[in-house]
Colleague: 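Got a structure for you, questions after.
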Amino acid sequence: MTAPMRAQQRTAPFISIAPPEPDLSPGALILRAEEMLGQLRDRQAETEAAGNVLAETNRVMVEAGLYRVIQPRLFGGYGFDLPTFVRLVTAVARGCPETAWVLSIVSGHVHQLATFPLDAQREAYGALGDFRAPEVAAPQGTGVAVPGGFRVSGAWDYASGCAHATHILLTFLVDDPRPGDSPLRMGLFERADYEIVRNWDVIGMQGTGSNRVVMNEVFVPAHRTKPYPQTAAMPPAEVYRDSSLFYGPARPFVITESVAVIVGAAEGALDVYEETFRARKATGPTGASRADLAEYQFNFGRCRALVDTARAALLHTAADYMEIADRTFTTGEPCPEDDSRRLAMVMLQSVHLAHEAVDIMFRTVGSSAARKDALLGRYWRNVGVLRGHLAHQSDSAALNYGRVHFDHSPVGIS
């Protein structure tokens, strides 16, 4: 889209977009995800081999409305709350963690879009509310100020879901910023603005398509950018009056996106673990079913407790998040940093619990799980890769919570 066309769109009056199914309930949307379980499991190997979410899987999720789970209703979404988002993502991750990662990250970035100028949001959602956008927050490009905006060039790694996106959110360093301006800005770009370079080659989560995106001298209008990070930005109340979720703090929301995938993956691993008990017999003179032996019963029981506790903690924290967001929407007072970091820490404990459970499963089920095509082995690899994500470093998160709580500045980036 050319700059004059974008300018013409900005003068158009705001018209709300009806969601595809105005009467769709949270339960009905989650049921659609749950009904995909078998299909997602069957396609795990193909998704991993392709290095991307399959086009057919993406089409099904688009048509089912999964990407619109928290998208504001005035922009064509369903405007559901964070616990619903968690249940939806965990349901998909139970069948395929890689697919769920793309769904969670891409649909969750409407939270980031909410603090862009309203004109940019209107343009992003368009006439139908069809919006799916990866985000790369690390500034791996440069923007040169020109009349009306910036010319942006660079290469950004880890753009999960970029192949099936409608847009992308990228942070860039402003070349020679004006005095007082932020040296970093995040820009809203369209799918046609970038090329994809396949460089995502990892032992787990291979099917997320987290490849490099490259742009060269792409113009982005000023109203499609914002300073980054924005610590106290609020969405426009006239549009988000029925979407209090977007008034909640950014850090715990972002962590929720990925933790929901890990917890759902642990549930999927437990499904496979139980199936092996019912299908296989123990070695040795008894030849009894694994399901009838105390050792396996014990292992299954402790894994069940770990996974259920991880899920309960995540859902409870998501409900707490909504209470904080509601309070901020009502009072205009942002969430205290102490509370924001506390929410994030609890979510990171869910990561510990889920990871521990999957590790127990892998090391007690037998060597068959180490086969390259083994379902349980794939869950184990996926959770292991996610466990090492920068957002999931609970030690630094705990340190910085303690520092903030006792009136010290945080250190590092957590």
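Residue numbers run from 1 in the order of the sequence given.
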Colleague: For residues 369-385, pull every pair meeting side chain to side chain donor-acceptor pair (under 3.5 Å), keeping only residues two or more places apart or in separate chains.
Modeller: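 Counting only pairs at least two positions apart or across chains, the side chain to side chain donor-acceptor pair (under 3.5 Å) contacts touching residues 369-385 are Q44-R378, Q44-Y379, E48-R378, E48-R381, D359-W380, R371-D373.
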Colleague: Could you work out, with ring pair (Phe, Tyr, Trp, His ring centres under 6.0 Å) as the rule, every residue matching F300, not counting sequence neighbours?
Modeller: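 With sequence neighbours excluded, F300 shows a ring pair (Phe, Tyr, Trp, His ring centres under 6.0 Å) to no residue whatsoever.
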Colleague: Take V62 and R132 through the test side chain to side chain contact (heavy atoms under 4.5 Å, CB included) and record every step on the way to the result.
Modeller: CA-CA 10 Å; V62 170; R132 299 181 299 281; 3.8 Å; yes
Colleague: Calculate, to the nearest 0.5 Å, the distance between atoms OH and CG belonging to Y158 and N211 respectively.
Modeller: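 Answer rounded to 0.5 Å: 11.5 Å.
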Colleague: Side chains of F80 and R87: closer than 4.5 Å at any heavy-atom pair?
Modeller: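 Side chain of F80 against side chain of R87, heavy atoms only: no contact under 4.5 Å found.
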Colleague: Under 4.0 Å between a side-chain nitrogen and a carboxylate oxygen: does that hold for R122 and D119?
Modeller: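 Salt bridge between R122 and D119, a charged N being under 4.0 Å from a carboxylate O: yes.
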Colleague: Just verifying a value: how many Å separate N216 CG and R151 CZ, rounded to the nearest 0.5 Å?
Modeller: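 Rounded to the nearest 0.5 Å, the CG-CZ separation comes out at 10.5 Å.
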Colleague: Only one of V136, L184, T225 passes side chain to side chain contact (heavy atoms under 4.5 Å, CB included) with F172; say which it is.
Modeller: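 The option that passes is T225.
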Colleague: How about L343 and I324: do any of their side-chain heavy atoms sit closer than 4.5 Å?
Modeller: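 They are in contact (side-chain heavy atoms under 4.5 Å apart), so the answer is yes.
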Colleague: Within this structure, what is the NE2-OH distance for the pair H111 and Y247, rounded to the nearest 0.5 Å?
Modeller: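 Spacing of NE2 (H111) from OH (Y247) equals 11.0 Å.
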Colleague: Does E56 have any side-chain hydrogen bond (donor to acceptor under 3.5 Å, both in side chains) partners at least two apart in sequence or in another chain, and if so, which?
Modeller: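 Once residues adjacent in sequence are excluded, the partners of E56 under the side-chain hydrogen bond (donor to acceptor under 3.5 Å, both in side chains) criterion are R59.
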Colleague: Roughly how far apart are F75 CZ and L128 CG, rounded to 0.5 Å?
Modeller: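 Answer rounded to 0.5 Å: 14.0 Å.
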Colleague: I'd like to know whether CZ of R342 has more than 12 heavy-atom contacts from other residues, nucleotides or ligands below 6.0 angstrom.
Modeller: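 For R342, atom CZ is not crowded (no more than 12 foreign heavy atoms under 6.0 Å).
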Colleague: Any chance CD of E195 has more than 12 other-residue heavy atoms, nucleotides or ligands included, within less than 6.0 Å?
Modeller: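 No.
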Colleague: Classify the ring geometry of H389 against H392: parallel below 30°, tilted from 30° to 60°, perpendicular beyond 60°.
Modeller: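 Tilted: the ring planes of H389 and H392 meet at 30° to 60°.
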Colleague: Using atom types as modelled, flag every donor-acceptor pair under 3.5 Å from a side chain in residues 142-150 to any protein atom, sequence neighbours excluded.
Modeller:
none

Colleague: Mark yes or no: R403 above the aromatic ring of Y401, with NZ or CZ under 6.0 Å from the six-membered ring centre and no more than 45 degrees from the axis.
Modeller: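 No - R403 does not lie over the ring of Y401 by the 6.0 Å and 45° rule.
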Colleague: Going by side chain to side chain donor-acceptor pair (under 3.5 Å), name the pairs with one or both residues in residues 327-336, residues two or more places apart or in two chains.
Modeller: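 The answer is none; no pair qualifies.
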Colleague: Run the side chain to side chain contact (heavy atoms under 4.5 Å, CB included) test on V261 and V89 for me, step by step, so that the C-alpha distance in whole Å, both residues' side-chain angles and the decisive distance to 0.1 Å come before the verdict.
Modeller: CA-CA 6 Å; V261 177; V89 172; 3.7 Å; yes
Colleague: Atom CD1 of I30 and atom OG of S25: how far apart are they, to the nearest 0.5 Å?
Modeller: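 If I round to the nearest 0.5 Å, the distance is 8.5 Å.
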Colleague: Which value, rounded to the nearest 0.5 Å, describes the distance between C335 atom SG and F253 atom CZ?
Modeller: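 Answer rounded to 0.5 Å: 14.5 Å.
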Colleague: So, using side-chain hydrogen bond (donor to acceptor under 3.5 Å, both in side chains) as the criterion, who are the partners of H316 when residues are at least two apart?
Modeller: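 So H316 forms a side-chain hydrogen bond (donor to acceptor under 3.5 Å, both in side chains) with D320.
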Colleague: So do the side chains of M322 and P83 get within less than 4.5 Å of each other, counting heavy atoms only?
Modeller: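 A side-chain contact under 4.5 Å exists here.
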